[in-house]
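Taking it in order: structure first as structure tokens, then the write-up.
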Amino acid sequence: MAATPAPPATPPKPTWDPRKVEPPFPWLRPTIRIRLTLLYGGMFLIAGILLLSIIYLLAAQGLNSGNEPLFKIVGGREIKVTSDNCQQAASGNLTLSEFNAAISVCTDHQRQVALDNLLSRSLLALLGLAVIAFAFGYAMAGRVLSPLGRITRTARRVAGTDLSRRIELDGPDDELKELSDTFDEMLDRLERAFTAQQRFVGNASHELRTPLAINRTLLEVHLSDPGAPVELQQLGKTLLATNERSEQLVEGLLLLARSDNQLVERKPVDLAEVADRAVDQARAEAEEKGVEIRGERGPAVVQGNGVLLERIALNLVQNAVRYNVKEEGWVEVTTEAQHGQAVLLVTNTGPVVPAYEIDNLFEPFRRLRTERTGSDKGVGLGLSIARSVARAHGGRIIAEPREGGGLVMRVTLPI
């Protein structure tokens with residue numbers, strides 16, 4: 001009979017523990033609490049020693065001045081008693097009891113003078129030590145908190161433009177080092193997330209545009225056939241308009257996704273030139289609707305992306321033209337630089353807009369008193385894109401109802 005095979009041996013337990021290894025004596029870890037305790041405790045001890053030394057020296061000096069003899073015996077043919085501090089007792093015309101009383105008064109007076117001198121000099125010494133202690137404490141606190149300043153500066157640079165920056169704080173393994181390492185790990189995850197988002201936007205840009213472009217080409221070829229029935233021609237025009245609307249929606253969504261991020265490359269851009277180009281593109285539509293475009297545009301140079309800034313101006317001008325009155329409507333577009341900021345102002349006539357609906361206008365697919373409607377005035381992303389682009393440039397956009405109807409759109413960007 002064949003021997004029964006032995007069961008397989010139990011695999012060895014893994015020797016690597018993914019948990020963080022604790023030091024053998026965690027209470028010896030140089031934490032901020034321990035370092036601050038030792039620092040300020042040592043400062044307090046040194047200050048106490050200095051203060052006691054000064055008080056000891058002052059007390060010794062006071063005792064020396066307080067123990068000076070009240071009287072001096074002057075020799076000669078006749079022995080005389082003189083005193084610089086007690087003239088009353090040295091007058092020589094006193095009885096024994098009056099002499100003893102005068103000596104007691106003079107002794108108390110001399111002791112009080114010595115104590116007053118000791119107190120005044122001690123207060124001066126305490127004031128000097130307080131000034132030195134505050135200055136030394138301020139310097140040491142700045143040294144202890146300098147890693148926090150480094151973390152703050154890195155966070156500002158990351159929030160401004162670059163996600164690739166890291167703190168990489170060196171030094172003892174304390175709470176600040178742990179905070180810095182945690183912050184660096186968070187930045188790693190954020191950078192990977194933004195990189196994946198950008199990659200997704202690029203892939204979606206290709207995958208969404210291609211079928212829409214093919215549909216548009218096929219519809220245009222079909223509409224160019226003169227022998228096609230009228231019903232098919234009308235259907236083709238309807239489908240072409242729907243396809244164009246889908247292309248606008250895709251472009252708007254992709255631009256909205258790209259503009260949500262901060263800009264890495266910035267170049268000088270004049271808002272006046274940007275506004276002029278936007279007005280030129282919207283002028284034909286304005287003339288068709290009978291809307292007058294006016295306004296003076298002064299130079300206002302900012303650092304940013306010219307294409308995105310032109311999209312802000314174009315969206316605002318197009319909205320101002322489309323959402324206007326039917327007769328005697330106007331749109332005023334102005335640019336200027338004031339108080340260190342570049343301002344783009346777009347004002348238009350139009351329907352009365354309640355103040356409580358202003359914030360809803362900046363939400364995607366939201367329009368005045370409508371939501372996800374099939375309006376032919378746009379896809380509902382214009383103001384959302386404008387706000388995202390303004391934020392990416394470090395600015396903001398504010399909408400205010402205009403008295404009599406219409407809106408006042410103010411875009412402010414740092415110069």
Side-chain angles (χ1 to χ4, degrees), residues 152-165 194 197-198 201 251-283 285-286 293-322 330-348 358-359 361-364 378 381-400 402 406-415:
T152 302
R153 290 190 296 271
T154 303
R156 287 177 179 172
R157 288 194 291 267
V158 168
T161 54
D162 193 2
L163 278 175
S164 62
R165 295 183 179 271
F194 277 104
Q197 181 189 17
Q198 293 175 354
V201 169
E251 290 291 339
L253 290 173
L254 294 176
L255 180 60
L256 182 61
R258 288 195 299 267
S259 60
D260 277 337
N261 297 331
Q262 294 286 337
L263 302 176
V264 177
E265 297 182 359
R266 297 173 181 260
K267 297 180 180 179
V269 180
D270 191 353
L271 278 187
E273 181 181 357
V274 168
D276 288 338
R277 297 183 61 179
V279 169
D280 292 339
Q281 296 180 53
R283 191 175 299 280
E285 185 178 358
I293 300 180
R294 63 192 187 190
E296 297 182 359
R297 291 171 281 280
V301 180
V302 299
Q303 298 292 327
N305 186 297
V307 176
L308 294 179
L309 291 177
E310 182 180 341
R311 191 57 180 264
I312 289 183
L314 181 59
N315 287 351
L316 295 182
V317 174
Q318 286 180 343
N319 281 348
V321 171
R322 293 170 182 175
W330 53 265
V331 175
E332 187 176 36
V333 184
T334 62
T335 58
E336 60 178 344
Q338 58 180 5
H339 307 298
Q341 291 182 327
V343 180
L344 168 64
L345 197 65
V346 179
T347 309
N348 70 299
I358 292 296
D359 292 338
L361 297 178
F362 291 96
E363 298 298 327
L381 291 173
L383 294 182
S384 300
I385 293 174
R387 182 177 61 177
S388 297
V389 173
R391 288 177 176 175
H393 285 79
R396 61 175 183 170
I397 178 171
I398 300 175
E400 298 176 354
R402 176 182 167 274
L407 289 173
V408 179
M409 308 294 295
R410 179 185 298 270
V411 180
T412 57
L413 301 173
I415 295 180

Could you walk me through whether V346 and V408 satisfy the side chain to side chain contact (heavy atoms under 4.5 Å, CB included) test, starting with their C-alpha distance in whole Å, then the side-chain angles of each, then the deciding distance to 0.1 Å, before giving a yes or no? CA-CA 6 Å; V346 179; V408 179; over 6 Å; no
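- Contact record, N348 with R402: O-CD, 3.6 Å, taken as the closest heavy-atom pair.
- Inter-residue side-chain proximity for R297 and V279 is flagged as met; some heavy-atom pair is nearer than 4.5 Å.
- Between L345 and the choices L316, T335, T334, the side-chain contact (heavy atoms from CB on, under 4.5 Å) rule is met once, by T334.
- A337 approaches A300 most closely through the heavy-atom pair N-CB, 4.2 Å.
- Annotation: side chain of V302 is not in contact with side chain of D270 (no heavy-atom distance under 4.5 Å).
- A 4.5 Å side-chain heavy-atom check between E400 and I358 finds every atom pair outside the cut-off.
- Within 6.0 Å of the CD atom in E332, the count of heavy atoms belonging to other residues, nucleotides or ligands exceeds 12.
- Counting heavy atoms from C-beta on, the side chains of L407 and N319 never come closer than 4.5 Å.
- Nearest heavy-atom pair, F362 versus S384, reported as atom, atom and distance to 0.1 Å: O-OG, 2.8 Å.
- Rounded to the nearest 0.5 angstrom, R387 CZ and L361 CG are separated by 10.5 Å.
- G395 and L413 make their closest contact through CA-CD2, 3.9 Å (heavy atoms, listed as atom of the first residue, atom of the second, distance).
- The CG atom of D280 sits 9.0 Å away from atom CD1 of I293, with the distance rounded to the nearest 0.5 Å.
- Here the CD1-CE distance, from I398 to M409, works out to 10.0 Å after rounding to the nearest 0.5 Å.
- Put simply, the side chain of L271 does not reach to within 4.5 Å of the side chain of V411, judged on heavy atoms.
- For the pair Q281 and Q318, the minimum side-chain heavy-atom distance is 4.5 Å or more.
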Is there a side chain to side chain contact (heavy atoms under 4.5 Å, CB included) between V274 and L344 once you walk through the steps? CA-CA 10 Å; V274 168; L344 168 64; over 6 Å; no
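- Atoms CZ and OG1, from R396 and T412 in turn, are 5.0 Å apart once rounded to the nearest 0.5 Å.
- Considering CZ of R410 and CD of Q341, their distance stands at 10.0 Å, rounded to 0.5 Å.
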